[in-house]
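Single-structure report; data block below.
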Amino acid sequence: MQETPLSDLIQQRIKKLSIIRSLGIEPYNGIFEPSDSTENIFKKFGELSKEELENENITLSVAGRIILLRDFGKAVFAHIQDSKGRIQIYLRKDILGEKFTPIKNLDIGDIIGVKGRLFRTKTNELTIEVHDFVFLSKALRPLPEKWHGLKDIEARYRQRYVDLIVNPSVKETFIKRQLIIKYLREFLENEGFLEVETPMMHTIAGGARAKPFKTYHEALDMELYLRIAPELYLKRLLVGGFERVFEIGKNFRNEGISTKHNPEFTMVEFYVAYKDYNWLMDFTEKLLSYITEKLCGSLQVKYGDYLIDFTPPYQRITMFDALRKKGLPEEAMKDCDLALQWAKAKGIEIPKGSSLSKVLDEIFKELVEPELIQPTFIIDYPVELSPLAKRKSDNPELVERFELFIAGREMANAFSELNDPLDQKDRFLRQLEERLKGDEEVPEMDEDFIKALEFGMPPAAGEGIGIDRLVMILTNNQSIRDVILFPLLRPETK
RNA sequence: GGGCCGCUAGCUCAGCAGGCAGAGCACCGCCCUUUUAAGGCGGGUGUCGUUGGUUCGAAUCCAACGCGGCUCACCA
């Protein structure tokens, strides 16, 4: 590795570091236990007037990063920032005496601990008059500008740590992300679900149709896949007698990257025995309105130009009714050639060799999906598109499945689970034909999953929700990369 | 993978009818003990993404490449 030449700015700071050391201070060895967070200080004392503060003589300590610095010669004002806020500090030569000297080598970005008395300045800002301070970390690299912050998108993703320091809204997004997952878990646990962990390294990448990442186990001399979905393992747990299970975790799909796709993404999948997809729709409404209400304090959420309303019930339309509304003639819904013709007339490109179901799916994605702004359940899909879902009893060509769309995006996918082992095997076999035709995304036959079904799986409903996409909606972010701390990027070239 | 756009100082950005590389903030020096985008005086710190080409002369024009963004394609 070639050392990058250090810029003058870094050299200057290294020089300051050695000056500090020559004063007998080791700026990385300090230990400091703050008495309060900045948030706490404002909560406890934010209402006190100038006079009250003078009378009460409140002494406290905080630690944080210097983000603004104003040097007056014999006095210095600075703002320090901790995890939840910032507060002004005031350092005076006549108070600090000898300890004032190293302050001349303080930089924006340094982390210090200060102890002092709370007061209000002439302009009424709550401020700590510092009586003692400790260097906790000397920053060698300068932070981005105080006014414009860090805007360069690439730099924000590559150096998320800097992004988090200087762009408060970014930190907020990731705090909300954690809250969303917390409320989700809370809701499911209150409903009697057991959280489980199933393998992320699979010998067969099943449960979805996607190209997997490959990896290799040395000791077993065996190829493995990073999971594309936990579905087949969670259903094995239904066979095993768990009646309500869920898993929150990463899935990995070896596909294109976009504002809606990251190769690794977070899903929750949950399964309930003895329920069907109708029950699950009601349940989904409760789940989403619970999270939204708790997070936003309202069921209405601004997303870009939209106001998304999570108040149940959500509209439920069958896939075929949605197509009918778009003017697709009845005959075309039963005839592949007619459907193809109709799609072509509308300027929709359809991959060669597509079956009727696939053509209808393409038309749906093109014409219907983008218009599903408010939470909407699309229900009853063709069996061919849904190899793991249970057939409708009144129409075996359709399955009891729904997808939830919000802001024109697929948010959740759910169905009454197929628990007929022979039908399941049959559908896997039919898929295998596609695999033999060269479709790499069709999973191999999972014999063990069939075996599990042969032991008997209770009727059940299962659902997967894309957490990243839900976070996008609830935090008003337009790119999935803005809700993933470290999105995948090509390495920088030097 | 295709199309379009971007890459200039630590950061945010000008400069691109080819002619000595700029501003604000940050930084360095001096002054300043209630400032807050502190202020005053002085200082430009750069591989203009990379490599080639055109030209007397390229940040600027052309080509290839790299990284990123948007978009299309892909996407159970």
**Item:** From A:Arg13, A:Lys16, A:Lys15, residue fulfilling side chain to side chain contact (heavy atoms under 4.5 Å, CB included) relative to A:Asn105
**Value:** A:Lys16

**Message:** Testing A:Arg86, A:Arg65, A:Lys146, A:Glu125 one by one against A:His79 for a side-chain hydrogen bond (donor to acceptor under 3.5 Å, both in side chains), which residue passes?
**Reply:** A:Glu125

**Request:** Could you measure between the two C1' atoms, the one in B:A21 and the one in B:A59, and give it in whole Å?
**Result:** 8 Å

**Fill in**
From the candidates B:U12, B:U33, B:A38, the one with an atom nearest any side-chain atom of A:Lys151 is B:U12

**Proximity to the side chain of A:Tyr90 - top-ranked nucleotide from B:U34, B:A37, B:G69** = B:U34

**Item:** For the student: nearest non-hydrogen atoms of A:Leu288 and A:Ile406, plus distance
**Value:** CD1-CD1, 4.5 Å

**Message:** Using a heavy-atom cut-off of 4.0 Å across all strands, would you classify A:Leu143 as base, sugar-phosphate, or nothing?
**Reply:** nothing

**Request:** Ignoring backbone atoms, establish whether A:Arg481 has a side-chain N or O less than 4.0 Å from OP1 or OP2 of B:C70.
**Result:** yes

**Closest listed nucleotide, where the reference is the side chain of A:Tyr157 and the choices are B:C27, B:C32, B:G69** = B:G69

**Message:** Nearest to the A:Arg92 side chain among B:A38, B:G24, B:U34, which nucleotide is it?
**Reply:** B:U34

**Asked** Would you call A:Lys250 and A:Glu264 a salt bridge, using N to O less than 4.0 angstrom?
**Response** yes

**Asked** Does a side-chain N-to-carboxylate-O contact under 4.0 Å join A:Glu54 and A:Lys50?
**Response** no

**Message:** If I take atom CZ in residue A:Arg141 and atom C1' in nucleotide B:U45, what distance separates them, rounded to the nearest angstrom?
**Reply:** 16 Å

**Prompt:** Is there a side-chain polar atom (N or O) of A:Lys365 under 4.0 Å from OP1 or OP2 of B:A73?
**Reply:** no

**Request:** Classify the side chain of A:Gln88 and the base of B:U35 as holding, or not holding, a donor-acceptor pair under 3.5 Å.
**Result:** yes

**Message:** Is there a side-chain contact between A:Arg70 and the phosphate of B:A38, meaning an N or O under 4.0 Å from OP1 or OP2?
**Reply:** yes

**Nucleic acid contacts of residues 115-122 of chain A, taken as heavy-atom distances under 4.0 Å to RNA chain B** = A:Phe119, A:Thr121, A:Lys122

**Request:** Could you go through the ring pair (Phe, Tyr, Trp, His ring centres under 6.0 Å) check for A:Phe283 and A:Phe270 one step at a time?
**Result:** CA-CA 11 Å; A:Phe283 186 80; A:Phe270 52 94; 5.7 Å; yes

**Prompt:** Given the C1' atoms of B:A73 and B:U54, what is the spacing between them in whole Å?
**Reply:** 36 Å

**Complete:** Testing B:C25, B:U35, B:C67 for proximity to the side chain of A:Phe72, the answer is B:U35

**Prompt:** Paired with B:C61: which nucleotide, if any, by Watson-Crick or G-U wobble criteria at under 3.5 Å for both distances?
**Reply:** B:G53

**Asked** Nearest to the side chain of A:His261 - B:G69, B:C75, B:U33?
**Response** B:C75

**Nucleotide of B:G68, B:U12, B:C11 approaching A:Asp152 most closely (side-chain heavy atoms)** = B:U12

**Nearest-angstrom distance, C1' atom, B:G15 to B:G52** = 25 Å

**Prompt:** Counting side-chain heavy atoms from CB outward, which of B:C75, B:G68, B:C27 is closest to A:Glu255?
**Reply:** B:C75

**Message:** Nearest to the side chain of A:Thr259, heavy atoms from C-beta on, is which of B:C28, B:U71, B:C11?
**Reply:** B:U71

**Request:** Evaluate whether the aromatic ring of A:Phe77 and the six-membered ring of the B:A38 base sit under 5.5 Å apart, centre to centre, with an inclination under 30°.
**Result:** no

**Request:** Provide the distance between the two C1' atoms, one in B:A38 and one in B:G24, to the nearest whole Å.
**Result:** 16 Å

**Item:** First of A:Glu154 and A:Asp94 reached from the 5' end of RNA chain B, by closest nucleotide
**Value:** A:Asp94

**Item:** A:Asp107/A:Lys138 ion pair, N-O < 4.0 Å
**Value:** yes

**Item:** Nearest-nucleotide pick for A:Lys16, side chain only, options being B:U12, B:C27, B:C32
**Value:** B:C27

**Prompt:** Once the angle between the rings of A:Tyr233 and A:His202 is folded into 0 to 90°, is it parallel (under 30°), tilted (30 to 60°) or perpendicular (over 60°)?
**Reply:** tilted

**Message:** At 4.0 Å (heavy atoms only), tell me whether A:Ala208 reaches a base, stays on the sugar-phosphate, or touches nothing.
**Reply:** base

**Message:** For a quick check, tell me whether the side chain of A:His148 and the base of B:C11 share a donor-acceptor pair closer than 3.5 Å.
**Reply:** no

**Message:** If I pick the P atom on B:C16 and the same atom on B:C32, what distance separates them, to the nearest angstrom?
**Reply:** 44 Å

**Request:** Using the P atom on both, measure B:U45 against B:U33 and round to a whole Å.
**Result:** 32 Å

**Message:** Please classify the nucleic acid contact of A:Arg253 as base, sugar-phosphate, or nothing, using heavy-atom distances under 4.0 Å.
**Reply:** nothing

**Request:** Please state the C1' separation for the pair B:C7 and B:C27 - nearest whole angstrom.
**Result:** 24 Å

**Asked** Regarding A:Ser169 and A:Glu172, is there a side-chain donor-to-acceptor distance under 3.5 Å anywhere?
**Response** no

**Message:** For B:A26 and A:Lys146 - does any side-chain N or O of the residue sit under 4.0 Å from the phosphate oxygens OP1/OP2?
**Reply:** yes

**Message:** A:Met457 and side chain to side chain contact (heavy atoms under 4.5 Å, CB included): which single residue from A:Asp420, A:Leu237, A:Leu238 fits?
**Reply:** A:Leu238

**Asked** On a whole-Å scale, what distance lies between the C1' atoms belonging to B:A37 and B:U71?
**Response** 37 Å

**Asked** What nucleic acid atoms does A:Glu349 come within less than 4.0 Å of, heavy atoms only: base, sugar-phosphate, or nothing?
**Response** nothing

